[in-house]
There are 2 protein chains.
Amino acid sequence: MRLTPDEMRMRFRERGLKMTPQRAAIYQALAGTVSHPTAEDLHRHVRRQHPMISPNTVYYTLGVLREAGLVHEVNYWHDRSRFDANITPHHHLVCLGCRSIQDLTDEALDRLSVSGRLKGGFEVTGHRVEFHGYCSTCCRAGRHLSRPDHRRHR
Amino acid sequence: MRLTPDEMRMRFRERGLKMTPQRAAIYQALAGTVSHPTAEDLHRHVRRQHPMISPNTVYYTLGVLREAGLVHEVNYWHDRSRFDANITPHHHLVCLGCRSIQDLTDEALDRLSVSGRLKGGFEVTGHRVEFHGYCSTCCRAGRHLSRPDHRRHR
DNA sequence: TCCTTGTTAGGATTGATTCCTATATAGCAC
DNA sequence: GTGCTATATAGGAATCAATCCTAACAAGGA
Ligand SMILES: [Mn+2]
Ligand SMILES: [Mn+2]
Ligand SMILES: [Zn+2]
Ligand SMILES: [Zn+2]
């Protein structure tokens, strides 16, 4: 969802982050989509308002936002990182056909835990469930009938 | 676990894969560990028996095994892919301290499903749960007390 | 308004992975 | 076993997302 300038200013301030036009644009762009874009996607989008912004600034800013806990990085595919401004607990539907990632909010999944102490001293701090399959678009295109394409896509 | 030559031969044959000493060594190495090694780890290991084996062969072979469904690729960290010869349904404990990945077998987690049709036509073919936290070694080292280090490690 | 410190742009660099290709060899048919 | 063909291997070159480096800049606090 779209953030007001004040809301954004507050989120940055309470984490001790400087506010700059580039940062605001990057964070706003990420908060305004549900598509889990790549750094390159964000650069392309933000460039419309800031034609001189460098890819480097996008990478650097995403790193800062990630370390501040304002964005999450998701790595379902090896080729490149994708980002998510939705930091509430949620899970993902990952399409094997088109590589899209959809949010899935499900209270029951949020409450999962490891059964017993079988985990041998591992201290759990969080978890995430990833469902793979085919999105409605790919189903319609018949891509769910063929074997998933495991080739790389650099 | 360790595979007999016959067992391995059979797994390759029934998927129409040629059997070569390099392939056998790579697959054996992967099947014989629970550590989810990288391609480079496997190359280093296999090189003891096949000093001339190239990294390229390891990458190529892992791709072939993956496409044949004999190994899985896991991408919890963006820096590099890690591989898994355990293709039975299971989940993972991912340590934020040392980046180790442990298997977690749990029947209840295997039975998860998406509640209702909220998923908007998404056809689920599988799922995996990833628990993050700190392994016993990292806990003892006190690494679970500091904030997780989100910096990259290229 | 001034200062300090973190940010930006852009160029160089890194490094895991992929591409290319000549040679070698597994698996199959005879 | 011999020969044939398709595929595998080695090694060198190339790719490209991401990081490093650095000089100029600009928030935000004093
Ligand atoms: Mn999400
Ligand atoms: Mn595993
Ligand atoms: Zn799709
Ligand atoms: Zn650990």
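Letters A, B, ... mirror the listed sequences (proteins, then strands); counts begin at 1.
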Of all residues at least two apart in sequence or in a different chain, which pass the side chain to side chain donor-acceptor pair (under 3.5 Å) check with A:Arg2? none
Whole angstroms only, please: what is the CD1-P distance between B:Ile26 and D:dA10? 8 Å
Consider only side-chain N and O atoms of A:Arg99 and A:Tyr76, and report whether a donor and an acceptor are under 3.5 Å apart. no
To the nearest Å, give me how far apart CD1 (B:Ile53) and P (D:dG12) are. 16 Å
Mapping A:Ala39 and B:Val64 onto DNA chain D by nearest heavy atom, which one lands closer to the 5' end? B:Val64
Regarding A:His50 and A:Arg47, do their side chains bring together a donor and an acceptor under 3.5 Å, going by distance alone? no
Taking ring pair (Phe, Tyr, Trp, His ring centres under 6.0 Å) as the test, write out the residues that go with B:Phe122, two or more places apart. none
Partners passing ring pair (Phe, Tyr, Trp, His ring centres under 6.0 Å) against B:His90 (at least two apart in sequence or in another chain): B:His92
Provide, to the nearest angstrom, the distance between the CE atom belonging to A:Met52 and the C1' atom belonging to C:dT7. 16 Å
Using the C1' atoms of five pairs at each end, what's the angle between the two axes of the helix from C:dT1-D:dA30 to C:dC30-D:dG1, to 10 degrees? 50°
Set of residues satisfying side chain to side chain contact (heavy atoms under 4.5 Å, CB included) with respect to A:Ser100, sequence neighbours excluded: A:Cys95, A:Cys98, A:Cys135
Could you list all N or O pairs between the protein and nucleotides 3-6 of chain C that sit under 3.5 Å apart?
unit_1: C:dT5; atom_1: O2; unit_2: A:Lys18; atom_2: NZ; d: 3.1
unit_1: C:dG6; atom_1: O4'; unit_2: A:Lys18; atom_2: NZ; d: 3.3

Between D:dG11, C:dG27, D:dT9, which nucleotide gets closest to the side-chain atoms of B:Arg9? C:dG27
How is A:Thr38 classified with respect to the nucleic acid when contacts are heavy atoms under 4.0 Å: base, sugar-phosphate, or nothing? nothing
As a test of reading the structure: which of D:dA18, C:dG27, C:dT18 is closest to the side chain of B:His78, going by heavy atoms? D:dA18
Proximal nucleotide (of D:dA8, C:dA9, D:dA10) relative to the A:Thr57 side chain: C:dA9
Parallel, tilted or perpendicular: ring planes of B:Phe131 versus A:His127, cut at 30 and 60 degrees: tilted
Round to the nearest Å and state the distance from A:His50 atom NE2 to D:dC25 atom P. 18 Å
